[in-house]
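Each remark here refers to the structure printed beneath this line.
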2 protein chains.
Amino acid sequence: MSLRHAMLGLLADRPASGYDLMKRFETSLSNVWPATQSQVYGELGKLTKAGLLEVAAEGPRGRKEYAITDEGRAELRRWLTEAKPDPVRRSEVLLRVFFLNHLTPVEATAYLMGEAERAAGQHRVLEEVERNVDWGDDPLSVNGRLALEYGLRFMAMREEWARWAVEELGKTRK
Amino acid sequence: MSLRHAMLGLLADRPASGYDLMKRFETSLSNVWPATQSQVYGELGKLTKAGLLEVAAEGPRGRKEYAITDEGRAELRRWLTEAKPDPVRRSEVLLRVFFLNHLTPVEATAYLMGEAERAAGQHRVLEEVERNVDWGDDPLSVNGRLALEYGLRFMAMREEWARWAVEELGKTRK
DNA sequence: GCCCGACATGTCAACAGTGGAATGTAGGCT
DNA sequence: AGCCTACATTCCACTGTTGACATGTCGGGC
């Protein structure tokens, strides 16, 4: 249940309405933890009832501005510092790899080459992001850069792996 | 909905009961696509009703052995070859990174060092697996090795990234 | 003065996945 | 003969996530 913590994290910087939060999710967190309206508004209600948030102000159009409470800040810190067990990662890509033998060698190779291409494409997208965002030295930018670098390295790794796997497949077939 | 495809993939090698399938999930697929009993048995029923599987034999203790049908094989191939959009990956690790500024620099560094350690630990676990599994040259072994190498590279990348991030954090603080 | 687009909140149905519990049978060991 | 373990299935309640839909209001430009 990390959605709530994402919301607490965003509100810890400054108060916001549900609408504001949605926009912040779309811009900064979309690649890390996407969220939909129904989730955000639902969770805002629950968090408020639980005392982790409060309605700090009401504005026009029924706007409710939510602010984090001390209790909310405590929960955020608790979450950030807690040791959590490695969550098992589901990977559709790897699942396909397991069953690659049900395709012809040519098809399997094509699939892996496609993977390499997809990773390379994503890598280019991230490089584009890197160029376009104006990296201030506010905390969110600093942390955002760390996350971006992770993505860059991840995509490079995926591409290299896929190309390696293609060669490997060629070898075993001989 | 990849669980069904995982099941089709396993049954494409040879027929099995729900119980057998569970064991196969636990051994070969646990790190890639974990599944619970309730899911497996439920899906078995749905897939049979949909005509992708059939009950090939019934045994003692109410055992039902399921086999993949031609239609099921076709669906498996379709899934393996279809081009799918990059699924958005949720990452709790990165989510935490985004909010690292709500911790003290010392705590944040400790968190990243912990990440590096966790990745290194997982890396060691995978190396252990590599040593212990007897890699035949049956298809599942070949593909399993590809998946394992992915894991190995992934963990190495995570560790390096975390160590890099620690240094980066040190720099900005100056 | 009016209309459009941005602002703003909310509900609902459906599905995937988790975890636990209930139930029962066959085979092997003592 | 009795018991334990492995085999085997089914049901249920709950959480998280998605996507679609419904509803309404404020402010600026024409």
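Letters A, B, ... are given to chains in the order of the sequence lines, protein chains preceding strands, and every chain is numbered from 1.
Distance CG (B/L95) to P (D/dG16): 14 Å, rounded to an integer number of Å. For the pair A/R61 CZ and D/dG27 P, the interatomic distance rounds to 6 Å; values are reported in whole Å. One atom, CE of B/M22, and another, P of D/dA8, lie 13 Å apart when rounded to the nearest Å. Following rounding to the nearest Å, B/E26 (CD) and C/dG19 (C1') show an atom-to-atom distance of 14 Å. Between B/L44 atom CG and C/dA16 atom P the separation is 15 Å, expressed in whole Å. Between A/Q37 atom CD and D/dT17 atom P the separation is 16 Å, expressed in whole Å. Rounded to a whole Å, the CD atom of A/E43 is 15 Å from the C1' atom of D/dT18. Between the OH atom of A/Y19 and the C1' atom of D/dT23 there is a distance of 15 Å, given to the nearest Å.
The side chain of B/K46 contributes no N or O atom lying less than 4.0 Å from OP1 or OP2 of C/dC15. Contact annotation: B/Q39 does not reach the phosphate of C/dA16 (side-chain N/O to OP1 or OP2, under 4.0 Å). Between A/R63 and C/dC7 there is no side-chain polar atom (N or O) within less than 4.0 angstrom of OP1 or OP2. OP1 or OP2 of C/dT9 lies within a sub-4.0 Å distance of a side-chain N or O belonging to A/Y41. For the OP1/OP2 pair of D/dC7 and a distance below 4.0 Å, the side-chain nitrogens and oxygens of B/K23 include at least one atom meeting the criterion.
Residue side chain A/S38 does not reach the base of C/dG10 through any donor-acceptor N/O pair under 3.5 Å, judged by distance alone.
Taking CD of B/E71 as the start and CG of B/L8 as the end, the distance is 10.5 Å to the nearest 0.5 Å. Note that CD of B/E167 is 11.0 Å distant from OG1 of B/T109, once rounded to the nearest 0.5 Å.
Take the nearest nucleotide of DNA chain D for B/S17 and for B/R90: the residue whose nucleotide is more 5' is B/S17. Nearer the 5' end of DNA chain D, as judged by each residue's closest nucleotide, is the contact made by B/D20, out of B/D20 and A/L3.
Ion pairing of B/R145 with B/E130 is absent here, as no side-chain N (NZ or NE/NH1/NH2) approaches a carboxylate O to less than 4.0 Å. A salt bridge links A/E75 with A/R78; the closest basic N to acidic carboxylate O contact falls under 4.0 Å.
Ring orientation note: the planes of B/F154 and A/Y150 are nearly perpendicular, at an angle over 60° on the 30°/60° scale.
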